[in-house]
Colleague: 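Provided herewith is a single structure, encoded as C-alpha cells, for subsequent inquiry.
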Amino acid sequence: KQDKQDKQDKQDKQDKQDKQDAQHRLHDYAFRGEAHGESRFEQRGSLAEWGELVGDYCVGNPRLVFAVACALAAPLLHLAGGQMAGGGFHFVGHSSKGKTTALQVAASVYGAPSYLRNWRATDNGLEGIAAHHSDGVLILDESKQIEPRALAEAVYMLSNGMGKQRSDRQGKSRPRLHWRVLVLSTGETTIAEQIASAGLATFAGQELRMVDIPAAGPDNPYGLFDTLHACPGASAFADLLKRNTRRAYGSLGWQWLQYLVDERDEVAGRIRERLSAVTDELVPEGASGQARRVAQLFALTAIAGELAADRGLLAWAPDEAKRAAAVLFADWIELRPAGAGSSEDAKALHQVRLWFSLHGDARFTEWGRGEDGHAPKVMNRAGFKRALTDGRDTKEIEWAVFTEVFSTDVCRGLNPKDVLRVLDKRGHIIKPKGENKMRSKLTLPGIGKASVYRIKSTILDDDGSEREGGGS
C-alpha cells in the first residue's frame with residue numbers, strides 16, 4: 001500500500017510540475033517582451049466579441065483568413081520540429097489595396113493595433129523586435145521604409161533566427177539574440193524588386209524566405225477583399241475592420257496559446273500527421289523542391305486555422321484556412337517569375353534568352369559566309385549561325401557558340417554547367433549524335449575544328465512555362 005501511495009504522490013507531483021511548466025511556457029509566449037518594457041499582448045473584449053466584430057468578416061475573404069491563420073501559425077513553428085524554420089509572407093500591391101487593414105486584422109489576434117510595427121528600424125532595432133516576438137508573428141508594414149541593402153540582410157536575418165555577433169567596449173563577444181518568428185509584411189513592390197532597385201543582386205533564398213503574395217486577386221475590383229459583407233464599398237469595409245480591431249482584440253490569441261500549452265503533444269502530433277498531406281494538396285505536379293518548401297509554410301497556416309476551428313475558437317468551416325492557403329499559394333506561383341519551378345533555373349533561362357536576343361545577329365557570322373571577303377565584318381565574334389531546315393522550310397536558327405564565350409559571357413555570374421543542364425532539359429541544345437554530352441566539335445568556315453555549344457533559337461520563345469516534350 002505504501003508503494004502504491006508513493007507512486008501516486010510521485011505522479012501527483014509530476015502533474016503539478018507539468019502544469020507549472022505549461023503556465024511558464026504560456027507566460028513566455030505572451031510576455032517575453034516585458035523584460036524590455038513592452039509586453040506584446042493586450043486584450044479587450046471576449047472571444048465571442050472578436051468573432052462577431054472581426055472573425056466573421058474574414059469569411060469569404062481569403063487574404064483576411066490567411067492573415068489570421070498566419071498569426072495563429074507562428075507559435076506552431078517549433079511544434080513542427082525540424083520540418084519548419086522561420087519565414088514570412090509579403091503582401092504586394094499599390095496603395096489603397098487593403099494591405100494595412102489585413103495586417104491590423106492579423107494583429108488583433110494577439111493585441112491592439114499597436115502590435116503592428118513598421119519596417120523602419122536599424123539592424124539592432126530589428127533584432128530586438130524579432131527577439132521580443134519569438135514564437136509569435138512579427139507584423140511589419142511598408143517595406144519601402146527600409147533601405148534595399150538593409151532589407152536584403154533583414155530577410156535572411158529574420159528567417160535564420162539569429163542576430164549579428166557583436167563585441168562590447170572591452171572587445172568581448174556579446175551574447176547573440178535568437179528568435180523564431182513568422183513575418184507578415186506589406187510593400188508596394190516585391191522583395192526582389194525593392195532590392196534590385198538599388199542595383200543589388202537578388203537570390204532565390206530571399207524570395208523563398210519572404211514569400212511575395214499579390215495584395216489583390218486577379219481582376220478583383222475590391223482590392224484585397226473578395227466579399228464586402230453588405231458594406232457599400234471596399235473603403236467602407238476597410239474602415240469597419242479598422243474600427244472593429246480597436247474594439248476587440250487579443251482574446252483569440254490568449255485562448256489559442258492556452259490550448260497549445262495544454263494540448264502540446266496532441267497539437268504536435270496533428271502537425272506531423274497533416275503537414276505533408278496538406279503540402280501535397282497544395283503543390284502542383286512536377287513542382288520544384290523550392291515550391292514545396294514554400295508550400296509547407298502555407299500548409300502550416302492551413303493547419304493552424306483547422307485546429308482553431310476544430311477547437312471552437314474560430315466560427316469558420318474547418319477547411320476555410322486551407323482554401324485560403326490554396327488560393328494564395330496559386331497566386332504566389334502566378335506572380336513568381338519561376339512559377340512552380342526553380343528560381344535559379346528561371347534566372348539562367350532568362351539570362352541566356354536575353355543574351356541571344358541582344359547578340360544573336362550582331363556577334364555571329366553566317367555559316368556560309370565565313371570565308372566571304374564581302375561579308376559584313378563581325379566584331380567581337382561569339383560564333384557562327386545557320387538555318388535549320390526540315391527539308392522544305394526553315395524551322396529555326398542554330399547558334400554555334402564558342403565554349404569560352406558561352407562560359408565567360410553568356411553565363412556571366414552563373415555556373416555554366418547549371419545553365420547547360422537547364423538548356424538541355426528544355427530542349428535548346430543540339431548534342432553530338434549518339435553522345436550524351438553538351439560540347440560539340442565542328443569544322444567552322446575559315447577556322448577549322450573548334451569546340452562549341454549548339455544552341456537552338458527555340459530559346460527565344462521559351463518563357464519558362466512547362467514545355468511539352470522538354471529535353472534534348
Side-chain angles (χ1 to χ4, degrees), residues 15 18-19 21-31 40-81 83-84 105-111 115 135-137 139 180 182 184 244-245 248-279 281-282 296-326:
D15 289 345
D18 288 346
K19 187 174 182 179
D21 289 345
Q23 290 302 320
H24 288 156
R25 286 196 298 271
L26 179 60
H27 187 277
D28 197 40
Y29 265 132
F31 300 111
R40 296 181 295 147
F41 280 59
E42 296 178 80
Q43 185 174 344
R44 181 179 182 182
S46 66
L47 177 61
E49 288 173 312
W50 180 89
E52 180 182 343
L53 292 172
V54 182
D56 290 353
Y57 288 105
C58 296
V59 176
N61 287 293
R63 283 159 174 76
L64 295 181
V65 168
F66 182 79
V68 170
C70 185
L72 296 174
L76 301 186
L77 285 169
H78 80 290
L79 295 180
Q83 299 182 71
M84 303 292 294
V105 167
S108 75
V109 172
Y110 294 114
Y115 186 99
D135 284 322
V137 62
I139 303 176
R180 178 174 44 224
L182 196 56
L184 194 59
N244 288 354
T245 55
Y249 49 78
S251 52
L252 172 59
W254 183 260
Q255 294 195 38
W256 172 246
L257 295 179
Q258 185 72 62
Y259 163 57
L260 298 185
V261 168
D262 292 344
E263 308 295 342
R264 176 188 176 95
D265 292 340
E266 177 192 325
V267 172
R270 183 84 168 266
I271 294 170
R272 288 193 298 270
E273 173 191 325
R274 295 282 291 141
L275 188 61
S276 181
V278 176
T279 301
E281 291 182 46
L282 296 176
Q296 278 194 321
L297 207 53
F298 278 93
L300 192 67
T301 70
I303 294 168
E306 182 180 277
L307 288 167
D310 287 350
R311 185 71 173 183
L313 302 180
L314 290 171
W316 297 353
D319 66 343
E320 185 80 32
K322 186 171 74 172
R323 285 188 278 116

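FYI, side chains are in, hydrogens and waters are out, and symmetry mates aren't considered; it's all heavy atoms of this structure.
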Colleague: My understanding is that only residues two or more places apart in sequence, or in another chain, count here; which of them pass salt bridge (Lys or Arg N to Asp or Glu O under 4.0 Å) with Arg180?
Modeller: Asp135

Colleague: Please report the interatomic distance CG(Leu300) to CZ(Arg274), rounded to the nearest 0.5 Å.
Modeller: 12.0 Å

Colleague: So, do Tyr115 and Val109 sit near enough that their side-chain heavy atoms are less than 4.5 Å apart?
Modeller: no

Colleague: Do you know the tightest heavy-atom contact between Tyr110 and Ala71?
Modeller: OH-O, 2.7 Å

Colleague: Might you work through the side-chain contact (heavy atoms from CB on, under 4.5 Å) test for Leu76 and Leu260, ending with a clear yes or no?
Modeller: CA-CA 8 Å; Leu76 301 186; Leu260 298 185; 3.7 Å; yes

Colleague: Which heavy-atom pair separates Ala321 from Ala69 by the least distance, and what is that distance?
Modeller: CB-CB, 4.2 Å

Colleague: To the closest 0.5 Å, what do you measure between CH2 (Trp50) and CG (Leu313)?
Modeller: 9.5 Å

Colleague: Under the ring-ring contact (aromatic ring centres under 6.0 Å, His included) test, which residues partner Trp256, sequence neighbours left out?
Modeller: Tyr259

Colleague: Are any side-chain N or O atoms of Glu52 and backbone N or O atoms of Glu49, one a donor and one an acceptor, separated by less than 3.5 Å?
Modeller: no

Colleague: Ignoring hydrogens and angles, tell me if any N or O in the side chain of Trp254 forms a donor-acceptor pair with the backbone of Leu47 under 3.5 Å.
Modeller: no

Colleague: How long is the gap from CZ on Arg264 to CG on Leu79, to the nearest 0.5 Å?
Modeller: 5.5 Å

Colleague: Mind checking salt bridge (Lys or Arg N to Asp or Glu O under 4.0 Å) for Arg323 and listing every partner two or more places apart, or none if nothing turns up?
Modeller: Asp319, Glu320

Colleague: If every non-hydrogen atom of Thr245 is compared with every non-hydrogen atom of Val54, which pair is closest and at what distance?
Modeller: CG2-CG2, 4.1 Å

Colleague: For Trp316 and Val68: C-alpha separation, side-chain torsions, deciding distance, then whether side-chain contact (heavy atoms from CB on, under 4.5 Å) applies.
Modeller: CA-CA 12 Å; Trp316 297 353; Val68 170; 3.8 Å; yes

Colleague: For Leu314 and Gly305, work out which heavy atoms get closest and say how close.
Modeller: CD1-O, 4.2 Å

Colleague: Taking only residues two or more places apart in sequence or in another chain, which ones pass ring-ring contact (aromatic ring centres under 6.0 Å, His included) with Tyr249?
Modeller: none

Colleague: Considering residues, nucleotides and ligands other than Glu263, do more than 12 of their heavy atoms fall under 6.0 Å from its CD?
Modeller: yes

Colleague: List in chain and number order the residues that pass salt bridge (Lys or Arg N to Asp or Glu O under 4.0 Å) with Asp310, two or more places apart in sequence or in another chain; answer none if no residue qualifies.
Modeller: Arg270

Colleague: Roughly how far apart are Gln296 CD and Ser276 OG, rounded to 0.5 Å?
Modeller: 7.5 Å

Colleague: Do you know the tightest heavy-atom contact between Ala325 and Leu282?
Modeller: C-CD2, 4.2 Å

Colleague: Salt bridge (Lys or Arg N to Asp or Glu O under 4.0 Å) with Glu266: which residues, sequence neighbours excluded?
Modeller: none

Colleague: Find out whether Leu307 and Leu72 are in side-chain contact, i.e. whether some heavy atom of one side chain is under 4.5 Å from a heavy atom of the other.
Modeller: no

Colleague: Show your reasoning for whether side-chain contact (heavy atoms from CB on, under 4.5 Å) applies to Glu281 and Lys322.
Modeller: CA-CA 10 Å; Glu281 291 182 46; Lys322 186 171 74 172; 3.1 Å; yes

Colleague: Indicate the atoms forming the closest heavy-atom contact of Leu182 with Ala74, along with that distance.
Modeller: CB-CB, 3.8 Å

Colleague: Nearest 0.5 angstrom please: Arg272 CZ to Ile303 CD1, how far?
Modeller: 12.0 Å

Colleague: Please round to the nearest 0.5 Å and tell me the distance separating atom CG of Leu297 and atom SG of Cys70.
Modeller: 7.5 Å

Colleague: How are the rings of Phe298 and Phe66 set relative to one another: parallel (under 30°), tilted (30 to 60°) or perpendicular (over 60°)?
Modeller: tilted

